2 protein chains.
Amino acid sequence: MAKADFSPIADTTRRAEIVALLRRAILTGQLAPGQKLNELRISEQMRVSRAPLREAMRELVQEGILTSIPYAGTFVIEVTAKDIDDAYSFNKVMDELAIERAWPLRDQRFFDEIDRRHEAVKQATRALDTTRQIETALQLHGLIYEWADNSVLLETWQRLTSRLQMYFALHQHARNEPVPAEDVHETYVRLLKGKDMRAAQRHAREHIDLDFEELLAYARGLEQRPSRGA
Amino acid sequence: MAKADFSPIADTTRRAEIVALLRRAILTGQLAPGQKLNELRISEQMRVSRAPLREAMRELVQEGILTSIPYAGTFVIEVTAKDIDDAYSFNKVMDELAIERAWPLRDQRFFDEIDRRHEAVKQATRALDTTRQIETALQLHGLIYEWADNSVLLETWQRLTSRLQMYFALHQHARNEPVPAEDVHETYVRLLKGKDMRAAQRHAREHIDLDFEELLAYARGLEQRPSRGA
DNA sequence: GACAAGCAGATTGTCGACAATCTAACAAGA
DNA sequence: TCTTGTTAGATTGTCGACAATCTGCTTGTC
């Protein structure tokens, strides 16, 4: 019998598609922080009634990238420097934990997968696709969480990822420089494939530091002139 | 001018109340793991239409205590031994982090609050109110997260709390013993008010260990005869 | 008797309309 | 001029009904 390995059928509810669309719009910066989401307008644009749209929005509220005020509206979350700082320092600890847990579970599939994802980042970089670059970089980074074999840890990472992606997209958007052409992940990947766990943890922390420092500087700049959504 | 210090007005949407009702029902074990939530039946019982009910359920799905399968239904999550184990080992690391961050920020308000919450636990214990006992114990435990001054850390704890409360309630329900009358938090509180951070961290870890060990044993027993919801 | 096709019944997903609430503009009075 | 009350418009919250989908049973055929 031929083994088929089917992937799960796609969620065929409008709600699920709406969630995906909205999330993408927010994480790529199409919808700016603070911006209000007008239900009627969006539902008309998507050719969908308000019911599934509202359910989708409720999900994204719980996911932490939208915020809702009864009878006032639902808005894209604002991003403060402290939010970024909190996410940053939390991520540092989580990373160390994830590496520690994933370390003894690394196998050939792990090494294959990390190369595959690294390649995806490099390709997005070559293609000058900044959105995809952020996305793939986070996926590369997420591998240790997927391998750590802890559902709570993984879930926490996935929640955090949404916001990180949003932060980085915002940053990219702002400075409007095309890409950091350099491959900053080379060392990270090499260490994760190596034998020194402590070194991997240390580098993960420092590597993240760099990206975040820029982000923080950017966010602190924002604090001065708070931009209410367009 | 008299300073008033008003707290925010209560959310007065049906949706919010439904969320609270459902969450309580799940966390106290009124709704058993695996049980299906029939929208029509519940909406009729609550005298509410299905729209706000469905939105509420979407929130709880994202909160991680319900799970939804399109066109099949929404169910209370199943609890496996691994789920509990994952939550447990994750919580250990988080606790150390929370204590570390909260430690230098302890002030008089902190000490007052910890006593207040400790008192609440003792009162629930005396009243033989097991549900409230679990609730207050988790609130006592959550103080270090509230004081750690990190929104992501706090949010993560709150998400985890839901599930922990469910686990413990399940456990209590199963063994049906009224209460552990002994005050197990005495040492925890004393250490948090003391000067030795390391000792507090160590105790937090070990104290949690005890409760969890019982839970795990219980959950492993469940694995054998998986109970589909009533 | 085993198995596939097809048919209720029940349940979830979606829709369009109505009710409740908020916002902002304007008018009236101190 | 400032404050307060009113009102119209827009937007969110909620409802009841319809459409799509699933499940289990029945039926018919081999």
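Small disclaimer: the values here were computed from a predicted structure and weren't measured. In what follows, chains are A, B, ... by sequence order, proteins preceding strands, each numbered from 1.
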Taking salt bridge (charged side-chain N to carboxylate O under 4.0 Å, His left out) as the test, write out the residues that go with [X], two or more places apart.
| X | result |
| --- | --- |
| A/E63 | A/R23 |
| A/E59 | A/R15 |
| B/R116 | B/E113 |
| A/R163 | B/E155 |

With sequence neighbours excluded, residues passing side chain to side chain donor-acceptor pair (under 3.5 Å) with [X]:
| X | value |
| --- | --- |
| B/E135 | B/R24, B/R132 |
| B/S151 | A/D86 |
| A/Q165 | none |

Check: Going 5' to 3' along nucleotides 9-18 of chain D, which nucleotides have protein heavy atoms under 4.0 Å from the base (write B), which only from the sugar-phosphate (write S), and which from neither (write -)?
Finding: --SBBBB-B-
Kindly give the atom pairs (protein nitrogen or oxygen, nucleotide nitrogen or oxygen) under 3.5 Å for nucleotides 6-8 of chain C.
none

